[in-house]
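Structure record follows, encoded as structure tokens.
First the proteins, then the strands, lettered A, B, ... as listed; each starts at 1. Every heavy atom of this structure was used, including side-chain atoms; hydrogens, water molecules and symmetry mates were not.
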Amino acid sequence: MKRLLPLLLAGTILAGYPAVAQNAAPEIPFDGDVNFLKTPNDVYLGEVGGVATNSRGDIFVYTRTGHPTVTLGGSRNFAHGGSQLYQFDRNGRFVREIGKDAYGFMFANQVRVDPQDNVWVVDQMTNMVMKFDPQGRLAMLLGRKAESINIPARPAAAGGGEGGGGAAGAPGAGRAQDIFDRPTDVAWDAQGNIFVADGQGNARVAKFDKDGKFVKSWGQKGSGQGQFDNVRSIAVDAQGNVYVADGNNHRIQIFDNNGTFKSQIGNLGNPQAICLTTGANPMLYVSNSNPPNDIDKAGEIYKMKLDGTIVGKFGRAGKMAKEFGTVNSIDCRNENSLLVGEIGNLRVQKVTLRAG
Amino acid sequence: MKRYLLPCLATAMVLSAGPSMAQLKATITGVPEIPVTSVPNFLKVPAGEYLGESVAVATNSKGHIFVYHRSAPTSKLWEFDQNGSFMREIGKGYYGFEFSHSVRIDPQDNIWTVDEGTNMVTKFSPEGKVLMVLGRRPPAIGGAVATRTGPNAPAEKYIFCRPTDVGWDPQGNIFVSDGYCNNRVVKYDPQGRFLAQAGSEKPGKGLGEFNLPHGMQVDGKGNVWVADRSNFRYQVLDNNLKPIREITNLGVGWTICISPGPHQYVFHSNSNPNGNVPGSWDITGEIYKTELDGTVIGKFGRPGKNPPYFQVVHMMDCRNPNEIVVGEIESWRVQKLILKQQTAKAASAQ
């Protein structure tokens, strides 16, 4: 006899983010449209893990819609469900659901679209990175979902430290393969190499070639150069440099394409979502996201040059338009028209920056 | 192979050590009985659909009835028209729905749900779109967790622990009663920013302290009325959540409703306890109608499985103080009660 049981599961809620001391940064005037995406009457966004556009302006939202279920009984317990991937057109009209009932969808953390318009989703609970082609067919998988789950759960973020990827045996270093522990984000370089932010359980970056073959990983838990504490987001620039949002260390670390530390941008509060624009004069957007349990601190998004020079900032934590509730994703295909995915407000907000 | 769907918070034990019979019985005496009739077959549920535990019911300005009931696989929010005909489901599959506790309609006809399974309070537009959320659903990332035990964690400004009800003052400030594991009332501004709280995570017996604040409404002066269930009383707080007085003679404080308009009435339910405790039907189950000043006008209702009797009234709508809509836990039912207009002399509230 089996029973199914929606999980309502406690997780870790991070507290104590320091306020960023970038108050001197100029305010960028902006508009925020919280009604840009039009959902059908029976479609509700949950916590938005990720939002991204493709080259045609189609919008993809990977969202925690809730109600994951566990099949009880027998000798093991099996979990599935809880997140969905939706596609909207460039005007915000709902198009379709992709990956309905996909085995790897449980706890949405990010969606990104590569230069060939493939749609990549990162799931923090199944520990999988899934590549869909532009038609919505599965094209590649990294990682493997655990066959069954433990009840009660293992302590959150207790994983890592097995084998050796970057630093053998070190906590958070993970294994030299595509076994992730709460991965958060994915990015690619110009050659199509794949970089996975791994993550909130592990503390490393894993590099794969364009065919998904493991190349290397680097990092372990810690606060030194090349160490991480909560890898939240990742981006790669045109030269192949890797930008890693190192959340609990309040910084972005910049590595070359092979993981050699180059520099860091510090004093960033809680960098939870980053986005790099393309083109001749690329910009980096960084969200100092407020913790999910408090809207009275942080919440602003910074616009900066790749050397860390701050151009300006906008927004604050809150529940209204032009306020943000724990930003987890930024799409910056258009430098002055961003899509911002929010955990706290269960929405995607279209942000239009105006000339200051 | 047989499968059951079962919300895991629902598996938490709901029953705690039962109160004594003496605590359940209202001490007020000599309250006139208000004759009532129950509208037969009030809500017309579509064939093949079923109301579950109908813990939450409210009406909007058009008379539409909203029922937020514990169904499968999760709680569901249904809208019926003023004649009780089914119109639609709102929030199908919505992230904030798991285990319903309250639904209330604000003066702009926005629909607010309180879910004690997801710890979320959600404001829906009249069209059913999410406008604001308060609280956060515990993220599922950690996997299945054991039922929580031990002392309550410190209450946080923006996180609830099994919240129970929501209300607004005339300025649009938001009040949340919170709840089964916190024991407090929280005030937010209309934009959802924390302003104040009364009580804490700890239960208490003093004025301004609570032990399971189970229902709450705000009157036209901005005073906050709290059904302080496990303290067997109601408390009235001012707009800044400072206690004004308590009401201890109307039995268990299960839920409360305050009618709108210039002359407001307050309805208090001394609901019969869950589980048909032997003897409980004889001393509980009645609803009291009072003035804002505490004067008790009359009472109506008693426990029973069939209409017009009640099987654990969980929530009342009193938009029209002579037509009370009640939602019941254990009979999975919503009744509309027509109160005969009162001419009897009001009894004193001591």
### Query
Which answer fits B:Tyr188, side chain, backbone, both or neither, if we ask what part of it has an atom under 4.5 Å from a heavy atom of chain A?
neither
Can you tell which part of [X] gets under 4.5 Å to a heavy atom of chain B, answering side chain, backbone, both or neither?
| X | value |
| --- | --- |
| A:Arg347 | neither |
| A:Thr39 | both |
| A:Ala317 | backbone |

### Query
Hey, does A:Leu85 have a side-chain heavy atom less than 4.5 Å from the side chain of A:Val111?
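In short, these two side chains touch, coming nearer than 4.5 Å.
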### Query
Should the pair B:Lys76 and B:Tyr68 be classed as cation-pi, given the thresholds of under 6.0 Å to the six-membered ring centre and 45° from the axis?
no
### Distance under 6.0 Å and angle within 45° of ring axis: A:Arg96 vs A:Tyr86
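Because its charged atom misses either the 6.0 Å distance or the 45° angle limit, A:Arg96 does not stack over A:Tyr86.
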Identify which one of [options] satisfies the side-chain hydrogen bond (donor to acceptor under 3.5 Å, both in side chains) criterion when paired with [X].
| X | options | result |
| --- | --- | --- |
| B:Thr122 | B:Tyr94, B:Tyr95, B:Trp112 | B:Tyr94 |
| A:Gln349 | A:Glu323, A:Glu342, A:Lys322 | A:Glu342 |
| A:Tyr62 | A:Asp123, A:Asn328, A:Asn109 | A:Asp123 |

#### Entry: Residues that B:Thr59 engages under side chain to side chain donor-acceptor pair (under 3.5 Å), provided they are two or more places apart
B:Asp317, B:Arg319
### Task
Look at A:Asn41, A:Asp42, A:Asp296 and state which one has the largest set of heavy-atom pairs under 4.5 Å with chain B.
A:Asp296
### Message
If you count heavy-atom pairs within less than 4.5 Å of chain B, which of A:Glu47, A:Arg64, A:Met320 leads?
### Response
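Heavy-atom pairs under 4.5 Å are most numerous for A:Glu47.
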### Task
Give the intermediate values and the outcome of side chain to side chain donor-acceptor pair (under 3.5 Å) for residues B:Ser61 and B:Asp109.
CA-CA 7 Å; B:Ser61 65; B:Asp109 275 350; 2.5 Å; yes
### Interface residues of residues 82-92 of chain B facing chain A - non-hydrogen atoms under 4.5 Å apart
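Listed by number: B:Ile90, B:Gly91, B:Lys92.
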### Validation row, ring centre B:His69 to ring centre B:Trp78 under 6.0 Å
yes
